Trainee: 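Got a structure for you, questions after.
Whatever order the structure lists ligands and atoms in, that order sets their numbers, starting from 1. For clarity, every value in this text was computed on a predicted model and none was experimentally measured. Side chains are part of it too, since the values below use all heavy atoms of this structure and drop only hydrogens, waters and symmetry mates.
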Amino acid sequence: MLKAKSLFLLLIAATTGLTGFAQDGGRKIISLNDQWEFNKENGPVERVDLPHTWNDKDVLDDAPGYYRGLGIYKRKLKLDESVKGKAVFLVFNGVAQEAEVLVNGRSAAKHIGSYTRFIVPISAYLNYKDDVIEVRANNRFNEDIPPLTADFTFFGGLYRNVSLLIANPVHFSQKDHGSSGVFITTPQVSALAASVQVKSTIDNTLAAQKVQVITTIFDAKGSVVNKQTSAVTIHKNENKTIIQDIKSVQKPELWSPENPYLYRVVTQIVDVKTNAVIDQVANPLGFRWFRFDAAKGFFLNDKPLKIIGASRHQDYENRGNATPDALQIRDIELLKAMGGNFLRVAHYPQDPQILEACDRLGILASVEIPVVNTITETEAFTSNCLNMQTEMIRQHFNHPSVIIWAYMNEILLRLKFSNDKARQQVYFTHVRELAQKLDSLTRKLDPSRYTLLVNHGAWDIYNKVGLTKIPMIVGWNLYSGWYSGVPEDFGKFLDRHHKELPNTPFMVTEYGADADPRIRSFSPIRFDKSVEYGLKFNQVYLNAMLSRPFVAGGIAWNLADFNSETREETMPHINNKGLLTIGRQPKDTYFLYQAYLLGQPYLKITSAAWQDRTGIADSAALTSTQPVQIATNLKSAELFVNGKSLGIKDAVDHLIDWQVPFANGKNQLRVVSGDQNDQAEIHFQLQPFTFNDNRVPFKNINILLGAKRFYIDDQEHQVWIPGQPYKPGAWGWIGGEPYKGTNNRITYGSDKNILGTGNDPVYQTQQVNIKQFKFDVPDGEYDLALYFAELVGGETKEALAYNLDNNHKKEVEEQRVFDVSINGTAFLPKLNLAADFGYTTAVKKTTRITVQNGSGISIDFKPIAGKPLLNAIQLRKIY
Ligand code: GCB
């Protein structure tokens with residue numbers, strides 16, 4: 001009852017002003033997420049709530065780039081006289097990326113960097129009547145602020161929570177890099193006893209005062225475990241640090257992924273005269289110890305623990321980086337439910353909710369600053385890096401989940417000065433010096449954790465520049481079998497590290513393959529973006545890491561798909577290496593991880609999400625045979641299709657494959673193992689083997705050319721199947737070969753963004769030099785659609801730096817003009833895709849056809865200049 005009443009009072013206070021509510025630990029924190037006015041520089045004003053970004057929409061369109069400039073936020077602040085004399089602060093959890101805070105038109109603070117908190121004291125600027133706060137945020141390119149380039153989108157805005165903090169004149173310091181002002185360490189910890197040290201800094205903006213600093217440790221049930229009181233006199237404008245060595249906690253309950261036991265440390269400043277609590281801060285405390293061993297891997301509380309987890313970006317489908325708290329927390333729950341025990345907070349510090357969730361759920365973590373791909377050799381850049389590292393460490397210091405601080409990612413990916421070797425050496429020296437400074441700073445600020453520097457797989461250069469010697473742990477981002485080579489090379493790299501750097505512990509800080517959930521293949525190959533290739537890739541990697549004890553851990557890239565503006569590919573502007581989609585739907589790979597990692601019995605039809613399938617009937621049969629896969633940690637399982645058993649099969653590396661004869665219409669799949677089972681319903685559209693088979697009447701078919709993949713268009717609910725060479729009585733192409741791409745990378749179709757469509761995969765493959773396409777359909781009325789896109793030529797864009805094997809040469813444009821006729825009648829005479837529609841632009845041409853006298857449909861392609869082509873074709877029988 002009492003609780004409800006004080007909440008009510010608080011609400012009243014929040015809406016009417018800020019007077020008259022009960023003291024709660026001496027400080028008040030009130031969210032300022034509502035009632036903002038926003039405009040881009042010279043743009044119209046709109047009402048917005050936080051979290052907010054101005055880039056959530058403009059990253060979705062075909063146009064390259066997004067607004068990088070100034071955004072202005074304004075809000076009224078209703079404070080009255082009772083707040084006078086208090087210490088008032090604005091707390092910004094993250095503003096991208098440069099910020100200036102003005103109060104009543106006067107500049108109160110500036111901050112650099114998108115990913116860390118900053119706290120602005122504003123008492124000196126307030127009039128306590130009609131105060132106005134203004135935040136000028138800017139996400140322009142600034143060569144002195146990391147990240148400079150990276151494979152993610154640099155959204156701008158007031159994209160994390162903002163709050164007002166009203167404290168008494170004596171309060172825990174808000175001056176230390178956005179931290180709570182209280183730092184907790186456990187100098188000695190074992191299963192028998194743990195010592196705790198609490199270092200708190202206090203500020204006083206008024207007259208000298210005698211106070212007590214009281215630290216209380218509560219266990220998870222709320223009982224007091226230990227308490228310590230220190231008497232302190234704090235003078236006006238003094239900034240005083242108090243160290244409390246707290247009596248050992250006997251037989252502490254240890255923190256670990258399987259038992260993330262948290263204690264709570266409450267530190268108070270108490271007025272000696274009145275006994276009133278003047279200020280109060282709470283922090284989590286977990287008792288654990290850990291070590292990395294170059295030969296034996298990672299140990300937590302003296303027990304070996306293989307680190308397996310994922311990296312995470314902070315953005316979300318249609319929201320950019322303005323992701324609400326609940327969705328942030330849910331990501332960590334999804335990682336836990338996958339069986340993961342580690343989060344790489346990449347490539348920058350994230351919302352405070354993330355590490356709080358890791359503490360609570362038992363996920364170990366590393367956190368890093370966004371020094372990615374390249375550096376600027378200026379003092380300003382160096383000092384911004386050092387400041388970010390300090391802010392990160394100070395702000396996230398008390399989380400038991402954090403075991404590693406990192407500071408550079410693939411810093412030699414974009415090699416500067418390749419044409420001037422002497423200058424390049426100077427650059428390398430600067431990179432090494434910056435790494436050394438960041439590493440030393442980290443060890444000084446926090447000797448209790450490990451340092452990590454993350455490289456890409458270019459072994460020689462990182463060793464030559466000396467970057468493998470600086471950190472306590474080396475991280476390798478490895479993509480054999482994706483950007484280059486084959487997945488099996490991965491294990492060789494691991495063995496090489498162990499042989500050549502036998503004393504340096506390491507982790508695989510990234511590995512992954514794009515998997516577009518709309519793309520499926522029965523013969524998956526590198527770069528086809530199929531879910532099946534991604535699955536195979538992850539299986540090889542997991543096996544290689546799990547079988548080598550010296551590999552401390554592996555961190556999948558990435559937990560979820562994320563925005564990356566410069567990417568094109570099947571889903572432009574999105575990196576598809578997530579185990580979850582950008583809207584956090586699980587992909588098959590997520591189920592594979594569950595099968596590998598979960599302790600309890602697990603059985604799952606991985607491709608259950610591929611609900612709408614189509615396929616050609618097996619010759620003379622009324623079924624079409626296609627694979628179905630199951631992920632499990634059980635020995636074997638039995639599959640039933642429409643109630644009929646397909647027998648029991650053993651799992652190989654947690655997967656079982658079945659060849660399933662699908663019938664037209666609904667198919668019930670049920671897999672059983674002991675008392676575990678899983679089910680799926682697949683809607684199958686059977687395509688006739690030949691059109692004269694009356695048992696399978698033809699309805700419609702959607703065919704991709706030059707492709708070995710299926711594409712599921714989830715917007716128009718159409719399923720596309722790979723084409724085939726012409727078969728008499730049925731359908732197919734005659735002449736030509738699949739489009740091979742224009743660089744020497746073994747590529748799959750084109751990875752260019754196709755303009756004017758969301759169905760890019762329909763247009764990214766094609767049959768070049770095609771002569772004819774035939775459907776031997778019976779007489780009747782048909783709708784036919786032909787799909788084209790000119791894939792060669794247009795602007796030569798800079799090759800994506802991540803495509804390591806990529807050699808984007810200037811494309812030799814080809815004159816291409818051809819005639820298309822249907823059953824001998826001209827349909828698209830002198831078609832010139834580039835001239836008439838533009839490069840990489842979706843072109844769809846439809847027509848109604850009457851088929852009579854048993855002629856079927858034949859579409860002829862006649863070259864006038866260059867080679868004719870066809871990307872996709874669609875036929876529907878009307879009657
Ligand atoms: C990397 C980068 C990461 C990219 C990833 C990829 O090595 O560290 O930022 O997103 O590769 O998908 O290419």
Trainee: Any atoms of ligand 1 less than 4.0 Å from a non-hydrogen atom of E410? List them with their elements.
Mentor: 1 (C), 2 (C), 7 (O), 8 (O)

Trainee: Within the structure, is a non-hydrogen atom of F152 found at a distance of less than 4.0 Å from ligand 1?
Mentor: no

Trainee: Using 30° and 60° as the class boundaries, would you call the ring planes of H498 and F550 parallel, tilted or perpendicular?
Mentor: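 If you compare the ring of H498 with that of F550, the planes turn out parallel.
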
Trainee: If you measure from each non-hydrogen atom of Y511 to ligand 1, which part falls under 4.0 Å: side chain, backbone, both or neither?
Mentor: neither

Trainee: Tell me if the aromatic rings of F591 and Y596 count as close, with their centers under 6.0 Å from one another.
Mentor: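 No, the ring of F591 stays outside the 6.0 Å limit from the ring of Y596, centre to centre.
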
Trainee: Tell me whether K416 contacts the main-chain N or O of F428 through its side chain, where contact means a donor paired with an acceptor under 3.5 Å.
Mentor: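 Here the side-chain-to-backbone pair does not exist.
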
Trainee: Give the atom numbers and elements of ligand 1 that come within less than 4.0 Å of a heavy atom of N477.
Mentor: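 Checking each atom against N477, I get 7 (O), 8 (O).
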
Trainee: For ligand 1, which atoms, with element, lie under 4.0 Å from some heavy atom of R567?
Mentor: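 Matching atoms, with element in brackets: 6 (C), 12 (O), 13 (O).
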
Trainee: Please assess H347 against W557 for the test ring-ring contact (aromatic ring centres under 6.0 Å, His included), listing each intermediate value before the final yes or no.
Mentor: CA-CA 11 Å; H347 288 309; W557 188 261; 4.9 Å; yes

Trainee: I need the atoms of ligand 1 closer than 4.0 Å to a non-hydrogen atom of N575, numbered in the order shown.
Mentor: 6 (C), 10 (O), 12 (O)

Trainee: Check the angle between the aromatic planes of W482 and Y533 and answer parallel, tilted or perpendicular using the 30° and 60° thresholds.
Mentor: tilted

Trainee: At a non-hydrogen distance cut-off of under 4.0 Å, which region of H456 contacts ligand 1 (side chain, backbone, both, or neither)?
Mentor: neither

Trainee: For the ring pair W405 and Y450, is the centre-to-centre distance below 6.0 Å?
Mentor: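 Not under 6.0 Å, so no.
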
Trainee: Enumerate the atoms of ligand 1 whose separation from the nearest heavy atom of F562 is less than 4.0 angstrom.
Mentor: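 Here the atoms of ligand 1 in question are 10 (O).
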
Trainee: Say whether, by atom type as modelled, one donor and one acceptor occur between the side chain of Q350 and the main chain of R312 under 3.5 angstrom.
Mentor: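 Between the backbone of R312 and the side chain of Q350 there is a qualifying donor-acceptor contact (under 3.5 Å).
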
Trainee: Are Y479 and H456, when compared by the centres of their aromatic rings, separated by less than 6.0 Å?
Mentor: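 Centroid separation for Y479 and H456: 6.0 Å or greater.
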
Trainee: Contact between Y483 and ligand 1, counting heavy atoms under 4.0 Å?
Mentor: yes

Trainee: Which ligand 1 atoms, with their elements, are less than 4.0 angstrom from a heavy-atom of D151?
Mentor: 4 (C), 5 (C), 6 (C), 9 (O), 10 (O), 12 (O), 13 (O)

Trainee: Counting only heavy atoms closer than 4.0 Å, does ligand 1 sit against the backbone of V454, its side chain, both, or neither?
Mentor: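 Neither part.
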
